[in-house]
A.B. asks: 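A single structure is presented below for examination.
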Amino acid sequence: LTALFVERAGKTSASGQLRAVDILLDAVDDRSGQSKQYITSELLEQTRQRVQQETPDVTAIRILGKSSRDHQDVTLIANNLSPQQSPAIQLPAAKALFNMGTDTAFNALLDKWDSYPPNLRRHVLDSIGQRPDWTLKLLESIEAEKVVISQISVHRRAQWLSHQEEKIRSKAEDVFS
């Protein structure tokens, strides 16, 4: 299926092929990790190479985030969260890590927290807030002073203090009281 889609949607260039695969993965929208079945090993390797370029390919970052859960791919994507990268690269990298959904991806999101500009921090917090298990881990990171409490807005604190899940409310009360 991928080969046919790639051939028809963008066979003239590698960028066209990656765009075609990105569209296919959006259509499948499979967060269970099964979307990897749509990616050939050759295309996955090409994607990894494009993520490692001096100016990474944003489409490649998105594809890797949708199709892989591998530790090495988390590292490749997380490298694009560095302050040396532009926000146009950092934001898709953060989204890709969120899409990967692994504990390693969560840790990678927090590893460079202190270097994030405010808009990237806001995006990371919005993403983490969509996953109750990650929200609890973030609250634990705040409690352990891995994330500075003053970097969490009053609005965000109020959200967690009134969260529908009791575990999150309780942990938020412990952290923010």
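Bear in mind the structure is a predicted one, so any value in this text is a computation, not a measurement. Every heavy atom of this structure was used, including side-chain atoms; hydrogens, water molecules and symmetry mates were not. All residue numbers refer to positions in the sequence shown, counting from 1.
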A.B. asks: One pair to check against side-chain contact (heavy atoms from CB on, under 4.5 Å): Gln130 and Phe98. What are the steps and the verdict?
C.D. replies: CA-CA 10 Å; Gln130 294 176 35; Phe98 173 76; 3.6 Å; yes
A.B. asks: Would you say CD of Glu166 has more than 12 non-hydrogen atoms from neighbouring residues, nucleotides or ligands within 6.0 angstrom?
C.D. replies: yes
A.B. asks: Once rounded to the nearest 0.5 Å, what's the spacing between atom OG of Ser141 and atom CD1 of Ile149?
C.D. replies: 12.5 Å
A.B. asks: Please identify each residue that fulfils ring-ring contact (aromatic ring centres under 6.0 Å, His included) with Phe176, with sequence neighbours left out.
C.D. replies: none
A.B. asks: Is the backbone of Leu64 close enough, under 3.5 Å, to the side chain of Ser68 for a donor and an acceptor to pair up by distance?
C.D. replies: no
A.B. asks: Kindly state each residue pair satisfying ring pair (Phe, Tyr, Trp, His ring centres under 6.0 Å) with at least one member in residues 62-97, sequence neighbours excluded.
C.D. replies: none
A.B. asks: Of all heavy-atom pairs between Leu136 and Lys167, which one has the smallest distance, and what is that distance?
C.D. replies: CD2-O, 3.6 Å
A.B. asks: When you check the gap from the basic side-chain N to the acidic O, do Lys95 and Asp126 get nearer than 4.0 Å?
C.D. replies: no
A.B. asks: Taking Ala93's backbone N and O only, do any of them form a donor-acceptor pair with Arg62's side chain (distance below 3.5 Å, no angle check)?
C.D. replies: no
A.B. asks: Determine whether a donor-acceptor pair (N or O, by modelled atom type, separation under 3.5 Å) exists between the side chain of Thr135 and the backbone of Ile128.
C.D. replies: yes
A.B. asks: Is any side-chain heavy atom of Gln72 less than 4.5 Å from a side-chain heavy atom of Arg48?
C.D. replies: yes
A.B. asks: Tell me, with the steps shown, if Asp73 and Met100 meet side-chain contact (heavy atoms from CB on, under 4.5 Å).
C.D. replies: CA-CA 9 Å; Asp73 294 333; Met100 293 175 109; 3.9 Å; yes
A.B. asks: Just by distance, do the side chain of Tyr116 and the backbone of Leu109 share a donor-acceptor pair under 3.5 Å?
C.D. replies: yes
A.B. asks: Looking at every heavy atom in both Asn99 and Lys66, which two are closest together, and how far apart are they?
C.D. replies: ND2-CG, 4.4 Å
A.B. asks: What pair of heavy atoms forms the shortest contact from Asn119 to Pro87, and how long is it?
C.D. replies: ND2-CB, 4.5 Å
A.B. asks: Rounded to the nearest 0.5 Å, what separation is found between the CG atom of Leu91 and the NE2 atom of His123?
C.D. replies: 4.5 Å
A.B. asks: Using distance alone, with no hydrogens and no angle criterion, decide if Gln84 and Ser82 have a side-chain donor and acceptor under 3.5 Å apart.
C.D. replies: yes
A.B. asks: Locate the shortest heavy-atom distance separating Ala94 from Val124; write the atom from each residue and the value.
C.D. replies: CB-CG2, 4.2 Å
A.B. asks: Please report the closest heavy-atom contact between Pro132 and Glu165, naming both atoms and the distance.
C.D. replies: CG-OE2, 3.2 Å
A.B. asks: Give a yes or no answer on whether the side chain of Gln85 reaches the backbone of Asn80 with a donor-acceptor pair at less than 3.5 Å.
C.D. replies: no
A.B. asks: Decide side-chain contact (heavy atoms from CB on, under 4.5 Å) for Leu81 and Leu97; before the verdict, give the C-alpha distance in whole Å, the side-chain angles of both, and the deciding distance to 0.1 Å.
C.D. replies: CA-CA 10 Å; Leu81 293 173; Leu97 289 170; 3.5 Å; yes
A.B. asks: Between Arg50 (side chain only) and Ala60 (backbone N and O only), is there a donor and an acceptor less than 3.5 Å apart?
C.D. replies: no
A.B. asks: How long is the straight-line distance from CG of Leu138 back to CG of Leu125, given to the nearest 0.5 Å?
C.D. replies: 6.0 Å
A.B. asks: Is the side chain of Arg169 donor-acceptor paired with the backbone N or O of Gln164 at a distance under 3.5 Å, no angle test?
C.D. replies: yes
A.B. asks: Using the salt bridge (charged side-chain N to carboxylate O under 4.0 Å, His left out) rule, take Lys137 and Glu140 through it: C-alpha gap first, then chi angles, then the decisive distance, then the call.
C.D. replies: CA-CA 5 Å; Lys137 287 180 183 187; Glu140 291 166 1; over 6 Å; no
A.B. asks: Drop me the distance from Ile152's CD1 to Gln159's CD, to the nearest 0.5 angstrom.
C.D. replies: 11.0 Å
A.B. asks: Report the distance from atom NE2 of His163 to atom CG of Leu161, rounding to the nearest 0.5 Å.
C.D. replies: 11.0 Å
A.B. asks: Taking the side chain from Asp57 and the backbone from Thr59, do they hold a donor-acceptor pair closer than 3.5 Å?
C.D. replies: yes
A.B. asks: Any sub-3.5 Å donor-acceptor pair from Arg157's side-chain atoms to Ala172's backbone N or O?
C.D. replies: no
A.B. asks: Is a donor on one side and an acceptor on the other found under 3.5 Å between the side chain of Ser115 and the backbone of Lys112?
C.D. replies: yes
A.B. asks: Taking the six-membered ring of Phe106 (Phe, Tyr or Trp), confirm whether the NZ or CZ of Arg131 is under 6.0 Å from its centre and within 45° of its axis.
C.D. replies: no
A.B. asks: I want to check something: taking the side chain as every heavy atom from C-beta on, are Asp174 and Leu139 in contact at a cut-off of under 4.5 Å?
C.D. replies: no
A.B. asks: Using only heavy-atom distances, determine whether the side chains of Gln151 and Trp113 contain a donor-acceptor pair under 3.5 Å.
C.D. replies: yes
A.B. asks: Residues in side chain to side chain donor-acceptor pair (under 3.5 Å) with Glu143, at least two apart?
C.D. replies: Lys171
A.B. asks: Determine whether Asp114 and Val147 make a side-chain contact, defined as any pair of heavy atoms from C-beta on separated by less than 4.5 Å.
C.D. replies: no
A.B. asks: Measuring from atom CH2 of Trp134 to atom OG1 of Thr102, what distance do you get when rounded to the nearest 0.5 angstrom?
C.D. replies: 6.5 Å
A.B. asks: What's the shortest heavy-atom distance between Pro92 and Ile61, and which atoms?
C.D. replies: O-CG2, 3.6 Å
